[in-house]
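Each residue takes its place number in the sequence, starting with 1. In this text, all values refer to a predicted model and were calculated from it rather than measured experimentally.
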Amino acid sequence: MEEDLNNVVPCSSLAVESSLRVGTAGAIWGLCYGPYEARQQGLTGIPRVSFVANTVGKFGIRCGLVAGVFSITRCRIQQYRRQDDWVNGLIAGAVAGASVAVAAGTRKWTQVIGMTGFVSAFCAAADYSRTS
């Protein structure tokens with residue numbers, strides 16, 4: 001069914017849908033991680049609530065951004081190549097990984113290359129397992 005949607009649904013709709021799904025998962029992860037980290041820092045009261053809220057927003061936005069970049073890149077590459085294989089995920093993962101590293105504000109190229117390779121390999125493996 002997913003192959004049928006990729007031919008009918010615009011790339012922007014797929015990107016919004018994946019951003020919402022993965023962004024929600026990131027927010028849930030932030031909701032789990034935030035209180036733990038606040039306790040580690042010894043925060044209580046209003047500063048703790050503020051810290052947890054910021055953590056939830058930060059994780060949700062970052063995860064949603066990566067998912068959106070990956071989805072729209074993968075869809076556009078698939079349209080350009082007219083093939084649905086693991087190479088689309090590999091290239092889109094590299095773009096998403098580079099955007100993660102740049103969004104994190106790093107100036108070290110080794111970190112950008114490392115994150116690009118990691119996300120690219122992960123996405124290619126996921127695409128390969130889906131198409132095989």
Side-chain angles (χ1 to χ4, degrees):
M1 181 170 158
E2 187 174 323
E3 287 123 8
D4 297 335
L5 289 179
N6 285 337
N7 295 329
V8 177
V9 179
C11 291
S12 58
S13 296
L14 292 173
V16 168
E17 186 262 341
S18 67
S19 294
L20 290 175
R21 281 187 185 199
V22 178
T24 302
I28 292 170
W29 174 251
L31 193 58
C32 296
Y33 177 74
Y36 171 77
E37 187 64 27
R39 186 172 4 117
Q40 294 293 326
Q41 294 182 12
L43 299 174
T44 59
I46 299 298
R48 180 184 178 110
V49 172
S50 176
F51 180 82
V52 171
N54 285 336
T55 303
V56 168
K58 189 181 342 178
F59 276 84
I61 289 172
R62 285 182 182 169
C63 291
L65 176 68
V66 170
V69 168
F70 173 78
S71 293
I72 201 157
T73 305
R74 184 183 178 282
C75 183
R76 292 292 184 195
I77 290 170
Q78 182 178 342
Q79 287 177 347
Y80 178 76
R81 293 182 65 232
R82 299 184 199 278
Q83 294 179 4
D84 186 17
D85 58 2
W86 60 272
V87 175
N88 300 338
L90 182 77
I91 296 168
V95 172
S99 70
V100 168
V102 171
T106 184
R107 299 281 187 236
K108 297 180 181 177
W109 282 104
T110 55
Q111 290 178 347
V112 172
I113 292 168
M115 184 60 73
T116 299
F118 173 74
V119 175
S120 180
F122 181 78
C123 294
D127 257 5
Y128 180 75
S129 67
R130 183 184 59 81
T131 56
S132 294

Aromatic plane relationship, Trp29 with Tyr33 - under 30° parallel, 30 to 60° tilted, over 60° perpendicular: parallel

Closest non-hydrogen atom pair, [X] against [Y]:
X     : Y     : answer
Gly30 : Pro35 : O-CD, 4.2 Å
Ser19 : Gly64 : OG-O, 3.1 Å
Cys75 : Leu14 : SG-CD1, 4.1 Å
Ser18 : Ser71 : OG-OG, 2.5 Å
Val52 : Ala38 : CG2-CB, 4.4 Å
Phe51 : Gly34 : CE2-O, 3.7 Å

Which residues share a side-chain contact (heavy atoms from CB on, under 4.5 Å) with Cys63, sequence neighbours left out: Val22

Residues which pass side-chain contact (heavy atoms from CB on, under 4.5 Å) with Pro47, listed by chain and number, not counting sequence neighbours: Leu43

Test salt bridge (Lys or Arg N to Asp or Glu O under 4.0 Å) applied to Glu37 - qualifying residues, sequence neighbours left out: none

Listed partners of Arg39 passing salt bridge (Lys or Arg N to Asp or Glu O under 4.0 Å), at least two apart: none

ILVMFWY clustering at 4.5 Å (side-chain atoms), partners of Leu20: Val16

Inter-residue atom distance Leu31.CG - Thr24.OG1, 0.5 Å rounding: 12.0 Å

Verify same cluster id: Ile72, Leu65 (apolar side-chain graph, 4.5 Å): no

Residue pairs, two or more places apart or on separate chains, that pass side-chain hydrogen bond (donor to acceptor under 3.5 Å, both in side chains) and touch residues 42-57: none

Residue from Arg74, Gln79, Arg81 passing side-chain hydrogen bond (donor to acceptor under 3.5 Å, both in side chains) with Asn88: Arg81

